[in-house]
Amino acid sequence: MTDAIAKLETFTNEFVCFVKLTTQSGKFGWGQTSTYNADISATIFHRQVAPWALGADSADILGLVNRIEEREHKYPGSYRCRALAGLDTALWDLRGRSEGKPVVELLGGKPGKLRAYASSMKRDITPEDEAKRFVRLRDEQGFDAFKWRVGAECGRDIDEWPGRTEAVVPVVARALGGGIAKLVDANSGFSPKRAIEVGHLLEAEGIGHYEEPCPYWHLDQTKQVTDALSIDVTGGEQDWDLATWARMIEMRAVDIVQPDVMYLGGISRTLQVVEMAAKAGLPCTPHSANLSLVTMCTMHLLGAIPNAGKYLEFSIEGADYYPWQEGLFLGDPYAISEGKATIPSEPGWGVEINPEWLNAATYQISELPR
């Protein structure tokens, strides 16, 4: 029996937009649009997503997402997907709460521990200071995998400061020592020639994961790097278009795909990328660079998909870097023990949003006429 979507509420600030979805029977689920400029995503959500979702069957998640994309076909792009993620993730939470199951079980997996890699977001940090905090996290929280930044974001071969890349790679890699997985992220910083030069340095220092070495929109440049190196070249976090994903995978521009659940439009569309990658024999290590709902959604996904990568991306940045992510949830859903996060066993996403945060947010509602 159809349980139609009756009400869609958003709670928003500049950085985060939570979505509460309620059906005609009174059942509900919580989701989130993508972070950053979330107030803009909320406007798009109410104007271009909610009108098509209200009155629709809450059980057909992918069908509804696809239909909204068709209805809004003149507005392709990142913002449409960022807004769609709020609907999709709320629908998955609704389904989990309704069936009394965590989302990971709905996807075919099970709750439990998940290996995480400690992900640094900083470039304004010296190699020595980065190494010190990594070693502390290794010793205190048991992380056995770390990612740090090289180059400059979209830097056109100009480093964050002269010589930083050549310094930070060996300093951090050697400080961490053996038995540790080592990853770096270039954030579209290099030309193919420079990216390959840096790649050989990474190979020499035992780094096994080289993320987004060239401007991500130039797949042919990334493929040049992939073909030239023995280590894994990875990418895809920014990409929302399924046709681009199909081309990226078909041409094997990367060795590992890294979709972002929120940038891509939610779990349902991400599963399509996962399936394409699985058919091509490529692992999936999603992008989840902050501790909003995106990391929790990614945890449930990784606990279920057959081609899950080696680890979960887990941001190590706190209030000094991400002040807006403080106080989003009740309790500590992101506690790390022995380098692992825990996929919750409670229904839905298994987290509860902090009422104090909701009370301080900007509120909007779209609902069926009574």
Side-chain angles (χ1 to χ4, degrees), residues 2-61 63-65 67-69 71-72 75 79-99 103 261-263 265-269 290 292-294 296-297 300 324-331 333 346-370:
T2 298
D3 192 8
I5 299 169
K7 184 166 58 176
L8 291 162
E9 300 164 273
T10 58
F11 304 80
T12 314
N13 63 23
E14 179 185 348
F15 300 97
V16 180
C17 171
F18 287 119
V19 174
K20 184 180 182 182
L21 180 152
T22 306
T23 68
Q24 288 181 322
S25 71
K27 295 178 180 179
F28 68 92
W30 284 94
Q32 182 195 293
T33 72
S34 187
T35 49
Y36 301 110
N37 293 325
D39 49 343
I40 298 174
S41 296
T43 297
I44 294 167
F45 180 85
H46 285 284
R47 188 171 298 174
Q48 296 184 274
V49 175
W52 307 115
L54 291 170
D57 181 5
S58 61
D60 185 14
I61 302 176
L64 179 55
V65 167
R67 190 61 177 152
I68 292 171
E69 289 194 295
R71 292 298 189 184
E72 295 296 324
Y75 299 91
Y79 271 112
R80 186 188 69 185
C81 289
R82 285 167 177 260
L84 268 174
L87 176 68
D88 174 280
T89 53
L91 285 167
W92 281 103
D93 188 56
L94 167 72
R95 181 178 294 182
R97 290 174 185 263
S98 299
E99 297 184 22
V103 173
V261 169
M262 298 297 182
Y263 294 171
I267 290 289
S268 304
R269 297 184 88 245
N290 62 73
S292 69
L293 196 58
V294 63
M296 185 56 65
C297 295
H300 284 266
W324 55 263
Q325 74 180 15
E326 298 298 305
L328 295 178
F329 306 108
L330 296 178
E346 293 80 10
W349 299 122
V351 298
E352 295 299 330
I353 300 167
N354 186 346
E356 291 184 5
W357 190 96
L358 295 173
N359 289 336
T362 298
Y363 176 76
Q364 296 179 78
I365 182 171
S366 297
E367 59 184 329
L368 286 173
R370 297 184 180 182

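Side-chain contact between I40 and R82: absent, with no pair of heavy atoms (C-beta onward) separated by less than 4.5 Å. Residues L330 and P355 have side chains in contact (heavy-atom distance under 4.5 Å, counting atoms from C-beta outward). A 4.5 Å side-chain heavy-atom check between I68 and R80 finds every atom pair outside the cut-off.
A 6.0 Å sphere centred on CD of E352 holds no more than 12 heavy atoms belonging to other residues, nucleotides or ligands. The 12-atom threshold is not exceeded at OH of Y75, counting heavy atoms of other residues, nucleotides or ligands nearer than 6.0 Å.
Checking side-chain atoms of D3 against main-chain N and O of S25 turns up a donor-acceptor pair under 3.5 Å. No donor-acceptor pair under 3.5 Å is formed between the side chain of D93 and the backbone N or O of G31. A donor-acceptor pair under 3.5 Å links the side-chain atoms of W349 to the main chain of T89, judged by distance alone.
Ring-plane geometry between W30 and F11 is classed as tilted, the angle between the planes lying from 30 to 60 degrees on a 0 to 90 degree scale.
By the side-chain hydrogen bond (donor to acceptor under 3.5 Å, both in side chains) test, R95 is found to be paired with no residue, residues two or more places apart in sequence or in another chain being considered. L368 meets the side chain to side chain contact (heavy atoms under 4.5 Å, CB included) test with A6, Q24, L54; sequence neighbours excluded. Judged as a salt bridge (charged side-chain N to carboxylate O under 4.0 Å, His left out), and not counting sequence neighbours, E72 has no contacts. Qualifying ring-ring contact (aromatic ring centres under 6.0 Å, His included) partners for W357, counting only residues two or more places apart in sequence or in other chains: F18.
Applying the salt bridge (charged side-chain N to carboxylate O under 4.0 Å, His left out) test to pairs two or more places apart or on separate chains, none has a residue in residues 14-34. Residue pairs satisfying the ring-ring contact (aromatic ring centres under 6.0 Å, His included) criterion with at least one member in residues 31-51, sequence neighbours excluded, are listed as follows: Y36-W324.
Among all heavy-atom pairs drawn from H300 and G348, the shortest one is CE1-O, 3.5 Å. The two residues A85 and M262 have their closest heavy-atom pair at CB-O, 3.6 Å. Closest non-hydrogen pair, R97 versus F28, comes out as CD-O, 3.4 Å. Scanning all heavy atoms of the two residues, the minimum distance from A53 to L8 falls at CB-CD1, 3.9 Å.
If you take CD on Q48 and CZ on R71, they are separated by 14.0 Å, rounding to the nearest 0.5 Å. The distance from atom CZ of F329 to atom CG of L293, rounded to the nearest 0.5 Å, is 5.0 Å. One distance of note links CG of L328 with CD of E356; it measures 12.5 Å at 0.5 Å rounding. Here T2 contributes atom OG1 and D60 contributes atom CG; the two are 9.5 Å apart, rounded to the nearest 0.5 Å. How far CG of L94 is from CD of E99: 9.5 Å, rounded to the nearest 0.5 Å. Taking OG of S34 as the start and CZ of F15 as the end, the distance is 13.0 Å to the nearest 0.5 Å.
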CA sep, side-chain torsions, deciding dist, call: D39, T362, side-chain contact (heavy atoms from CB on, under 4.5 Å): CA-CA 9 Å; D39 49 343; T362 298; over 6 Å; no
Stepwise side chain to side chain donor-acceptor pair (under 3.5 Å) check, S268 with D88: CA-CA 7 Å; S268 304; D88 174 280; 2.7 Å; yes
Intermediate values then yes/no, side-chain contact (heavy atoms from CB on, under 4.5 Å), V19 and L87: CA-CA 7 Å; V19 174; L87 176 68; over 6 Å; no
Residue pair I44, T33: steps toward the side-chain contact (heavy atoms from CB on, under 4.5 Å) verdict: CA-CA 10 Å; I44 294 167; T33 72; over 6 Å; no
V261/I267 under side-chain contact (heavy atoms from CB on, under 4.5 Å): CA gap, chis, key distance, verdict: CA-CA 6 Å; V261 169; I267 290 289; 4.0 Å; yes
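If you run side-chain contact (heavy atoms from CB on, under 4.5 Å) between T35 and each of S292, S41, C17, only S292 comes through.
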